[in-house]
Each structure stands twice: as structure tokens, then as C-alpha cells.
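Notes follow once the structure below has been shown.
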Amino acid sequence: MTSEVEQTAAVAEALGYEQARDELIEVVRRLEAGGTTLEEALALWERGEELARICRRRLDGARARLDAALAEEETADAGDEDGE
């Protein structure tokens, strides 16, 4: 049986970059607007931190894929030059 924390983490990881970014923007907006209790503000802050981590992982993954594609292209181009 999985814990509530593991289930929450799995749901959070299922968010796409755009979804996480949009929710993060909303969290920041609510924090900046004020009017929340300390407990609500802390919960929002924690959610914002989690969303920021998700966004960072998604961006890092996209960067790694781009770097791999560029490296593959460079390798292919170098092979073409050697064959001339």
C-alpha cells in the first residue's frame, strides 16, 4: 500500500510543465495578494516549492534531450564530412 505522500508525489510528477507553471503562477499570485492565514500561506509556499521543482526537472529533461539531439546531429555531420 502506498502512502499519501507517495501518491501526492506521483500526482505531482504527472503534471506537465505548462500545468505546473500555471499552478505555480497562481500560487505566487495568491501569496502576493495576502489575506491568507499563516497555515494557508505555508501550505501555498510548500506547494510552490514542489511545483518549482517539477518545472526545473521538466526543463532539465528538455535540455538534456536537446543536447543529445544536437550531439547526434554533430556526429552525423562529422561522419558526412569524413566520407567526402
Side-chain angles (χ1 to χ4, degrees):
M1 185 168 163
T2 59
S3 73
E4 185 177 330
V5 171
E6 290 171 331
Q7 289 174 344
T8 302
V11 169
E13 283 301 315
L15 286 176
Y17 171 78
E18 291 81 5
Q19 292 170 308
R21 180 204 59 212
D22 291 347
E23 188 178 341
L24 179 56
I25 290 168
E26 179 61 20
V27 165
V28 170
R29 186 196 64 73
R30 288 181 62 195
L31 284 169
E32 288 178 341
T36 59
T37 66
L38 177 59
E39 287 300 316
E40 291 169 335
L42 286 172
L44 285 169
W45 181 271
E46 289 170 348
R47 181 62 178 161
E49 290 288 331
E50 181 181 12
L51 291 164
R53 280 191 296 277
I54 292 167
C55 288
R56 173 55 53 199
R57 280 195 293 272
R58 296 281 188 215
L59 290 171
D60 288 347
R63 171 52 63 192
R65 289 176 60 190
L66 286 171
D67 289 346
L70 290 172
E72 186 177 304
E73 185 177 307
E74 288 175 6
T75 301
D77 289 346
D80 291 344
E81 290 173 5
D82 291 341
E84 291 181 346

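When a residue number appears, it is its place in the shown sequence, counting from 1.
Salt bridge status for E40 with R30: absent, with no side-chain N to carboxylate O gap under 4.0 Å. One finds no salt bridge joining E32 and R29 here, because no Lys/Arg side-chain nitrogen approaches an Asp/Glu carboxylate oxygen to under 4.0 Å.
Transitive grouping of hydrophobic side chains (ILVMFWY, heavy atoms separated by less than 4.5 Å) brings W45 and V27 into a common cluster.
Rounding to the nearest 0.5 Å gives a distance of 13.5 Å between CG of L24 and CD of Q19.
Heavy-atom neighbours of R21 CZ from other residues, nucleotides or ligands within 6.0 Å: above the threshold of 12.
A side chain to side chain contact (heavy atoms under 4.5 Å, CB included) with E23 is found for one member of L51, V28, I54 and no other, namely L51.
Of the possible polar contacts, one joining the R58 side chain to the L15 backbone as a donor-acceptor pair under 3.5 Å is found.
Between A41 and L31 the shortest heavy-atom distance is O-CD2, 3.7 Å.
Side-chain contact between E50 and R53: present, with at least one pair of heavy atoms (C-beta onward) separated by less than 4.5 Å. R57 has its side chain out of reach of D60: every pair of non-hydrogen atoms, C-beta onward, lies at least 4.5 Å apart.
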